[in-house]
Every structure is written in structure tokens, then in C-alpha cells.
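One structure is given below, encoded as C-alpha cells.
Sequence positions, counted from 1, serve as the residue numbers for this chain.
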Amino acid sequence: GFGHFEGVDYAASATRILWNDPSGDWQLLLLADLSQAFPKARIISVALISGAISATLVLLLMTLLRRLHRQSLANGQVREFATALEIHAEQKERIASLSLRLQQTQDLQELGQILLSEAHLLLGLQQGVIYLLADDDSGGLQRVASYACATPPPERLVPGEGLLGQCALDQQAITLSTGETTQWPLRSGLGEAPPNCVTIRPILLNQKCIGVIEMALDQAPDERQQAALDAILPVLAMNLEINRQNRRSEKRHADSASAARDNERSEELRQFRQQQIDDAQRILALRSEINALALAAGQPRPYPDTEPPA
């Protein structure tokens with residue numbers, strides 16, 4: 001065992017010794033001064049070294065844990081970045097496919113319908129309508145396409161009329177968060193429900209508004225959907241303008257062809273009239289010759305004198 005005597009720690013060990021003493025067996029007690037076996041300085045140094053080793057191990061463990069944590073965060077960021085790249089690539093592919101489909105479309109209404117159908121897939125569009133500036137120079141907005149509207153929207157709008165007209169006038173996007181009391185329900189065969197968001201965007205080409213698009217969405221567009229919408233609208237504007245220019249060119253060509261046909265008919269009529277005049281003059285000349293022959297033969301003239309037609 002251990003003991004403490006006069007400020008010194010001892011290690012003690014006792015055993016019985018047969019000494020043939022009538023009083024009983026003897027006890028042999030051995031004491032070892034622990035301060036000599038384990039000096040305090042050595043104990044302190046060992047404790048310090050042990051503490052340093054423990055602190056070093058703890059520090060290494062914390063460093064390893066922090067490194068694992070940073071690696072886990074980095075892996076998560078890499079996965080998020082890879083997912084974002086994949087989504088971005090998919091969006092670019094869809095937009096490129098949409099652009100090709102729009103370029104291959106000659107009908108203005110079909111073009112708008114394709115855009116709204118694609119917006120349903122990309123943005124969660126529930127209802128939508130597209131208006132374009134009319135070709136009659138009236139400055140009004142003409143409806144060219146709608147999507148899933150229970151009641152047909154107005155055929156024409158005036159810039160400044162309602163939110164759509166105001167969007168065309170200001171060339172600024174308008175976004176409304178709707179609630180349960182909205183007057184614009186989304187109807188289907190199973191019932192109806194209000195949209196969570198209505199957004200109105202101007203269709204701009206070279207900083208000029210050529211139309212507006214209004215969309216009812218199941219939720220407000222997130223950053224990815226906003227980027228997709230920002231990419232789709234210029235494609236729509238370009239193809240709408242190309243379609244409009246093609247129609248104007250076809251109209252000019254048709255007008256030119258009609259004018260050419262009118263000119264051709266006029267020329268044919270003029271030639272026919274001239275042919276009639278020439279024939280009449282030849283007939284008159286022949287009559288004059290017959291009259292002259294009749295006079296030479298002493299016969300009366302068979303034809304009266306007639307002036308040629310003008």
C-alpha cells in the first residue's frame with residue numbers, strides 16, 4: 001500500500017516473520033521513499049509531455065475533422081455546381097430547340113402557341129396570352145395566341161389599357177403575387193384554383209416594345225426560371241419580327257404581282273384597242289379604194305365617206 005508520513009509519500013509492504021517469540025509473530029515493514037523513486041520534476045515533465053502529446057492529438061483530430069468538413073462542403077458545392085450546369089445545359093438545349101421550331105413556323109398564331117406550350121414546361125405556365133402591335137399602324141395590341149384560357153381574352157387592347165397595356169407603354173415587367181381571393185381562377189376538368197403568381201413581360205426588340213406576354217404561374221419564378229424567361233423572350237421577339245417581315249414581304253410581293261398583272265392586262269387592252277383601230281383604218285382605206293374604182297367606172301360610190309376612228 002501507500003502511506004504518508006512527515007510530508008513524505010511512502011510505498012509500504014508488510015510480511016510476517018516466524019521469530020519464535022512467545023509474544024507472537026513479528027511483522028517486517030518495508031518503506032520506500034516515493035519522492036526518490038519518482039521525483040516531482042520528473043512527474044511534472046512527464047505530465048507536461050503527456051499533455052502536449054494529448055493536445056497535439058486533439059489538434060490533429062480537430063484539423064482532420066475540419067478538413068473532412070471542408071471536403072464535404074466542397075463535394076456538396078461541386079455536386080450543386082454540376083447539377084446547375086446540367087440544368088443550364090438542358091435549358092440551353094430546350095431554348096435552341098424552341099428557336100428552331102419557331103424559325104420553322106410560318107403562322108403567327110402557331111408561333112405564339114408553341115411559345116406558350118414551351119413556357120408551360122419550363123416555367124409551370126398555367127394560363128397565358130400574347131399580344132403584338134397591330135400591323136395597321138393604329139398602335140393597338142392584337143391578340144395572337146392564348147393558352148388554357150377559360151374565357152377568351154380581348155382581341156385588341158390599347159397601350160395603357162389595364163396592366164397589359166401599361167406594361168407595353170412603360171416597357172417594364174409587372175409581377176403580382178395573388179391569393180385565395182383572386183378573380184382569375186385556373187380552371188380544369190377537376191375544378192378551379194387561383195394562380196400563385198401573375199407576371200407580365202414586355203416583348204422587346206432593339207429596345208422597342210413589339211408586344212406583351214401575360215402568364216399565370218403555379219409559383220413565383222425562381223432564379224433559374226427567370227434566366228430561362230430572359231433567354232426565351234428575345235428569341236420570341238426575333239422570330240415574331242421575322243414572321244412579320246416575311247408577311248409584309250409576301251404582301252408587297254403579292255401587291256407587286258397584282259400590279260404587274262394589272263399592267264399586263266392594260267397593255268393587252270391597249271394592244272387590242274390599237275389592233276381594232278388599225279383594222280378599222282384598213283377597212284376605211286379599202287372602202288376608199290372601192291369608191292375610187294366605182295367613180296372611175298362611172299358607177300356611184302358604194303360606201304359613204306367615213307372618218308377613221310380616233
Side-chain angles (χ1 to χ4, degrees), residues 90-135 140-157 161-168 171-178 182-190 192-205 209-222 224-244 246-247:
E90 181 181 353
Q91 280 189 351
K92 289 186 65 176
E93 182 179 356
R94 294 189 71 93
I95 292 172
S97 175
L98 172 64
S99 178
L100 181 61
R101 291 176 62 194
L102 294 179
Q103 291 175 15
Q104 295 172 344
T105 303
Q106 300 298 324
D107 183 72
L108 195 62
Q109 285 73 23
E110 183 182 357
L111 189 148
Q113 205 66 43
I114 290 174
L115 187 281
L116 292 174
S117 298
E118 190 67 24
H120 171 71
L121 299 176
L122 283 175
L123 308 174
L125 173 74
Q126 303 300 312
Q127 285 182 352
V129 62
I130 296 177
Y131 285 85
L132 289 183
L133 288 178
D135 289 334
L141 295 169
Q142 179 72 37
R143 174 168 59 87
V144 297
S146 61
Y147 182 89
C149 295
T151 302
E155 284 287 340
R156 294 181 67 93
L157 293 174
E161 179 184 356
L163 291 178
L164 266 170
Q166 193 63 40
C167 176
Q171 299 186 17
Q172 296 292 329
I174 300 174
T175 300
L176 303 174
S177 297
T178 62
T182 181
Q183 299 300 313
W184 186 3
L186 304 176
R187 294 187 176 92
S188 69
L190 300 178
E192 62 182 40
N196 292 322
C197 176
V198 175
T199 181
I200 307 171
R201 300 288 294 267
I203 303 173
L204 301 177
L205 182 67
C209 181
I210 64 171
V212 289
I213 178 172
E214 182 173 6
M215 296 176 290
L217 307 175
D218 55 358
Q219 62 182 2
D222 56 21
R224 176 179 60 84
Q225 292 172 327
Q226 286 284 6
L229 185 58
D230 292 339
I232 287 175
L233 289 181
V235 174
L236 173 63
M238 180 182 64
N239 283 277
L240 287 174
E241 186 63 21
I242 290 174
N243 187 282
R244 175 179 291 179
N246 288 340
R247 287 188 292 111

Is there a side-chain contact between [X] and [Y] (heavy atoms, below 4.5 Å)?
{"X": "L236", "Y": "L111", "answer": "yes"}
{"X": "I130", "Y": "I203", "answer": "yes"}
{"X": "P152", "Y": "S146", "answer": "no"}

[X] [atom1] to [Y] [atom2] distance, which is reported to the nearest 0.5 Å:
{"X": "I95", "Y": "L229", "atom1": "CD1", "atom2": "CG", "value": "9.5 Å"}
{"X": "L141", "Y": "L164", "atom1": "CG", "atom2": "CG", "value": "7.5 Å"}
{"X": "I210", "Y": "L205", "atom1": "CD1", "atom2": "CG", "value": "5.0 Å"}
{"X": "H120", "Y": "M215", "atom1": "NE2", "atom2": "CE", "value": "13.5 Å"}
{"X": "E118", "Y": "L125", "atom1": "CD", "atom2": "CG", "value": "11.0 Å"}
{"X": "N243", "Y": "L108", "atom1": "CG", "atom2": "CG", "value": "5.0 Å"}

### Task
Start with the C-alpha gap between I213 and L115, add the side-chain angles, then the distance that decides, and say whether side chain to side chain contact (heavy atoms under 4.5 Å, CB included) holds.
CA-CA 10 Å; I213 178 172; L115 187 281; 3.7 Å; yes

Can you name the closest pair of heavy atoms from [X] and [Y] and give their distance?
{"X": "A145", "Y": "Q109", "result": "CB-O, 4.0 Å"}
{"X": "A173", "Y": "R201", "result": "CB-CD, 3.3 Å"}
{"X": "V212", "Y": "P202", "result": "CG1-CA, 4.1 Å"}
{"X": "R156", "Y": "G140", "result": "NH2-CA, 4.1 Å"}
{"X": "V129", "Y": "P153", "result": "CG2-CG, 3.9 Å"}
{"X": "L204", "Y": "Q171", "result": "CD2-OE1, 3.7 Å"}

### Query
Where do L176 and I200 land on the side chain to side chain contact (heavy atoms under 4.5 Å, CB included) test, with the steps shown first?
CA-CA 9 Å; L176 303 174; I200 307 171; 5.6 Å; no

### Query
Among side-chain atoms of Q113 and S117, is any donor-acceptor pair under 3.5 angstrom?
no

### Task
Output, in order, the C-alpha distance, side-chain angles, deciding distance and verdict of side chain to side chain contact (heavy atoms under 4.5 Å, CB included) for L240 and L102.
CA-CA 9 Å; L240 287 174; L102 294 179; over 6 Å; no

### Query
How far apart are the C-alpha atoms of Q225 and L217, what are their side-chain angles, what is the distance that settles it, and do they pass the side chain to side chain contact (heavy atoms under 4.5 Å, CB included) test?
CA-CA 11 Å; Q225 292 172 327; L217 307 175; over 6 Å; no

### Query
Are any side-chain N or O atoms of Q127 and backbone N or O atoms of A148, one a donor and one an acceptor, separated by less than 3.5 Å?
yes

#### Entry: Donor-acceptor pair, side chain of Y131 and main chain of G165, under 3.5 angstrom
no

### Query
Going through the checks in order, is the side chain to side chain donor-acceptor pair (under 3.5 Å) test met by Q103 and S99?
CA-CA 6 Å; Q103 291 175 15; S99 178; 3.2 Å; yes

